[in-house]
Amino acid sequence: MRFGSFYGRSSYLRSAQLLLWRWLQQYGYVLISLGIALAVIGLRQLGGLQTLELKLFDSYVHNSVTNVELPGVVVVGINEVDIRHNHWPLSDDTVAELLERLQTYQPAAIGLDIYRDIDHPPGRERLAKQLAMENVYGVYDVGLDPTRSNPPPKGMNPERTGFADFVVDTDGLVRRNFLFASLNPDDFYALGLQLSLHVLRDRYGPDIFKKSLEGLTIAGKLFPTLAPNTGGYQNEDMAGYQVMLQYRSKNEAIRQVSLTDVLKSEVSPAWFKNKVVLIGMVAPSLKDTFFTPLKPQTKDAATTPGVVLHAHVVSQILSVAEGEYSLIWSWTQWQETLWIGVWCLLGSVLVWHIQRFVRLTLSSAIALLTLIFTGWGMFLHNGWIPVVPAALGFAAAVSSTISYQVFYRTFYDSLTSLPNRVSSLKRLQYYLNKRYGATSMVALLLIDLDLFKSVNDSLGVKVADQLLKVIAERIVRLMPTAFAARLGSDQFVLILPSVSHTQEAISTTAYLQKSLMDSIHIDGQQVRTTISIGIALHQKGLGYRSHDLLQDAHRALEKAKKLGRDRHEVFNETMRAQSVSQFQLEMELRHAEDDQQFELYYQPIIDLTSGKIAGFEALIRWQHPERGTVPPNKFISIAEDTGMILPLGDWILNEACHQVRQWQEQFPQALFMSVNLSSRQFVRKELATQIAAIVQQYNIAPHCLKLELTESVAMENVDAAIQQLLRLKNKGFRISLDDFGTGYSSLSYLHRLPIDSLKIDKSFVDRMESISENADIVGTIVSLGHRLELDIIAEGVETLDQAHLLKQLQCQYAQGYYFAKPLPKDQATQFLIQNKRWNIK
């Protein structure tokens, strides 16, 4: 999908899609966790995780079995020595003798795990007599049909036979116990079940066995059958009644004796009394062995003989029926699904709400360890829950959520959910490269909120953020065919993919300026502000870079803001030339202080009553080695924007204080020095302390330093300005408000400001002689100043008549070209030597 093609042409559709993106930004982890859960569950259902789950099951079994002897069972194993001494197959006489010896020990039941369907004389009659005993059970082979190969012992009652059908999983291990199957009209019992039922009938009576859809009931205990697609198994044969085989003890812990031991009476009768005795082959050469979780499945690993497996089965059934142990249980499919889903959700939630990498890594590790130990703890209590799918879902949810957040933060704005700068530049480049015709152009509108910082400071961050969201929604709704994005802070871009002429873009801009900021209410209060827009256009298909077009729009926007805001400007090549020149000037400005290119000029301030010099205003000049003298209006704004004004302002204060100290030592009259403070200097909390240190360094009286700040700086944040001014006044400095009346209507605040002087702007002084209104304004300012006990200084005085009129209006001080231009320190010193006096009548 190309960036931005997500947005359609319907304003309602685009608004809905924007709301959807915002929902995903807040609750996307829900959708991610759901998708991961479905994927993991689907993979599990296809059997993709079965091997891993069963390996974990094996690990749990291997680490949980003990060396405690299994109760109630004894194995008579026919080993390699027995075969050599008695030959194989064993004769009927040998088997009969074995059974006779065992019966003398009073066992509860005997299970013959040897196929005896063929006579092996001598001793057939003797064996038949033993096989007829009620506590002797025989085995037949795989499948449920006795007519197949390896049927039960010849002549044995079918009701005392059982099948030896161990369920071997796809990896060759025996983990399930196949107990019973019913194919009408016949029922089929496993050998272990038959032996267990014999013992339990002796203890609890004949009616102890029932079957139902849920499972088998044995001596009042339910043996629920293993449900399909649970317990780690997927797409496996779950026919009949199967349970998970519970290995509680190691094979070595089962009491085993050999055939020879019994025949030679080298055993204790107490070992067999009231026990289930299982007779079978344990010799490896006979290959009646199976892989189990008790042993690792390797070529050289020892396997478990079938007769020992029967011992595990009998012990399991008897222990559960007697209430000593419980079966391995597992959840239903829906419970397992919910469990996996919860861990997927947990993984997404952790990433969504923990943003610090170290903390996220630690939390994820703790969560996974908790999952593993939970699975282990449940297994110790005979529970088998899906740990592998949950762990996989958790890890996948963590990685997917991180990937989503990286994608979202790379290409979308987190506050407004609009595409961000990266996306907008990619989309813009796509439009610029596309050909729609020779006259088709791409228009880029760069929208900036005027005085957004004031909204942020006065109404709070929450309202400011909500304002940005409202503007994003309105842009999308008002311009459904355009591509909208948030560039950063309070700037948005709007890309018009195809315009035929500049006027089309201008008309769109005018429509936005009229409609975008109209009647915005947030939290019950109306928010009023304006927008400035920079417009840049370029023809398609010419390989113009998106970054360059965006820079063009920035230049146009900058001009619009300089011309007073709440307007738009279209980029032209002159702006680029000015921008390049401005940049070059900025680079040269950075080296100017190191190269000592700055110099202070001093303009005399005249006492209109005496006609003498009362003080000077320090004005900086840049003596450029190539450009000559660069006036302040060319570089002060650059210094303000780049922060260079701070070290520059410190230098001015030091130079001015040093100079006034020299003049005070050289001349008897009391002189003051006026120094302008920039807005960046004024907001520094340590300003008063810093200036006090400079004044103390040069040993001048604090009242000899007059600090000037413009009306706009003082009014930007009145309360903060008053606090700063009070700190300066407490240090003994005098404060002058410059350019009074030009920036703000500040009369309501003037009485609150702790200042000493008002400075009348040159624009009022210029036309006092020709425009009576200007003279009235100046007179009003002078009168107001006197009422507030403030000194009045008029600047820009260029004629004697202006000076005379100011004196008539009782203005105390004046400065301007009529008296003197700003002078280098040597020429200013000559003025003082001459002790010049202006006669103003």
Side-chain angles (χ1 to χ4, degrees), residues 1-35 345 348-349 351-355 397 400-431 444-449 452 455-456 459-497 512 515-518 520-523 527 529 531 533 546 550 553:
M1 181 180 76
R2 295 190 180 96
F3 295 97
S5 60
F6 169 79
Y7 297 97
R9 290 186 173 274
S10 168
S11 61
Y12 296 105
L13 178 60
R14 288 196 59 185
S15 297
Q17 291 168 334
L18 184 61
L19 291 175
L20 174 61
W21 273 113
R22 287 185 178 173
W23 184 90
L24 288 176
Q25 179 191 351
Q26 292 181 337
Y27 307 106
Y29 62 90
V30 177
L31 192 61
I32 293 172
S33 59
L34 179 61
L345 180 62
S348 293
V349 168
V351 176
W352 207 262
H353 295 287
I354 300 178
Q355 302 299 320
S400 298
T401 307
I402 291 174
S403 299
Y404 171 79
Q405 288 188 332
V406 170
F407 169 82
Y408 193 91
R409 291 170 183 172
T410 301
F411 298 110
Y412 288 88
D413 174 56
S414 59
L415 177 64
T416 64
S417 297
L418 288 176
N420 61 8
R421 179 187 180 91
V422 175
S423 296
S424 62
L425 289 174
K426 286 180 176 291
R427 191 60 175 170
L428 180 59
Q429 193 64 59
Y430 166 76
Y431 285 135
L444 178 64
L445 277 58
L446 181 57
I447 305 168
D448 183 272
L449 274 65
F452 178 73
V455 175
N456 201 29
L459 300 181
V461 176
K462 183 179 178 181
V463 173
D465 288 346
Q466 191 63 32
L467 175 63
L468 294 174
K469 290 182 180 180
V470 171
I471 293 173
E473 293 171 359
R474 288 193 175 187
I475 291 175
V476 168
R477 188 176 70 251
L478 293 173
M479 303 298 298
T481 61
F483 178 89
R486 184 188 178 200
L487 200 62
S489 185
D490 59 340
Q491 290 188 344
F492 297 84
V493 292
L494 198 63
I495 303 174
L496 307 180
L512 281 174
S515 308
L516 187 60
M517 306 306 296
D518 181 48
I520 297 179
H521 291 82
I522 299 175
D523 293 341
V527 181
T529 186
I531 57 173
I533 302 178
S546 59
L550 179 60

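Predicted model, so just to flag it, every value in this text is computed and none were measured.
Here the CG atom belonging to Leu31 is positioned 11.5 Å from the OG atom belonging to Ser400, to the nearest 0.5 angstrom. From Leu418, atom CG reaches atom CG of Leu494 across 10.0 Å, with rounding to the nearest 0.5 Å. Rounding to the nearest 0.5 Å gives a distance of 10.0 Å between CG of Asp413 and OG of Ser423. The CD atom of Gln466 sits 11.0 Å away from the CD1 atom of Ile471 when rounded to the nearest 0.5 Å. Considering CG of Leu345 and CG of Leu34, their distance stands at 9.5 Å, rounded to 0.5 Å. Note: Phe411 CZ to Arg421 CZ = 14.5 Å, rounded to the nearest 0.5 Å.
Heavy-atom minimum distance, Ala464 versus Phe452: CB-CZ, 3.7 Å. Ala397 and Ser348 make their closest contact through CB-OG, 3.6 Å (heavy atoms, listed as atom of the first residue, atom of the second, distance). When all heavy atoms of Arg474 and Leu516 are compared, the pair lying nearest together is NH1-O, 2.9 Å. Considering all non-hydrogen atoms of both residues, Ala472 and Phe492 come closest at CB-CE2, 4.1 Å. Minimum interatomic distance between Ser424 and Phe483 (heavy atoms only, all atoms of both residues): CA-CE2, 3.6 Å. A pairwise comparison of heavy atoms in Tyr408 and Ser417 identifies OH-OG, 3.1 Å as the closest pair.
The shortest side-chain heavy-atom distance between Leu512 and Met517 does not fall under the 4.5 Å cut-off. With a 4.5 Å cut-off on side-chain heavy atoms, Ile447 and Ile475 count as touching. Counting only heavy atoms from C-beta outward, the side chains of Met479 and Leu445 never approach each other to under 4.5 Å.
Although no hydrogens or angles enter the test, the distance criterion places no donor-acceptor pair under 3.5 Å between the side chain of Asp465 and the main chain of Leu468. A donor-acceptor distance shorter than 3.5 angstrom exists from the side chain of Ser33 to the backbone of Val30, with no hydrogens or angles considered. At least one donor-acceptor pair under 3.5 Å links the side chain of Asn420 to the backbone N or O of Thr410.
Scanning for side chain to side chain donor-acceptor pair (under 3.5 Å) contacts around Ser546 gives Gln429, with sequence neighbours left out.
Ring geometry for His353 against Tyr29 counts as perpendicular: the plane angle is over 60°, on a 0 to 90° scale with 30° as the lower cut.
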- Item | Test side chain to side chain contact (heavy atoms under 4.5 Å, CB included) applied to Leu459 and Leu467, step by step | CA-CA 11 Å; Leu459 300 181; Leu467 175 63; over 6 Å; no

- Go through Asn456 and Val461 one step at a time and tell me if the side chain to side chain contact (heavy atoms under 4.5 Å, CB included) criterion holds. CA-CA 5 Å; Asn456 201 29; Val461 176; 3.6 Å; yes

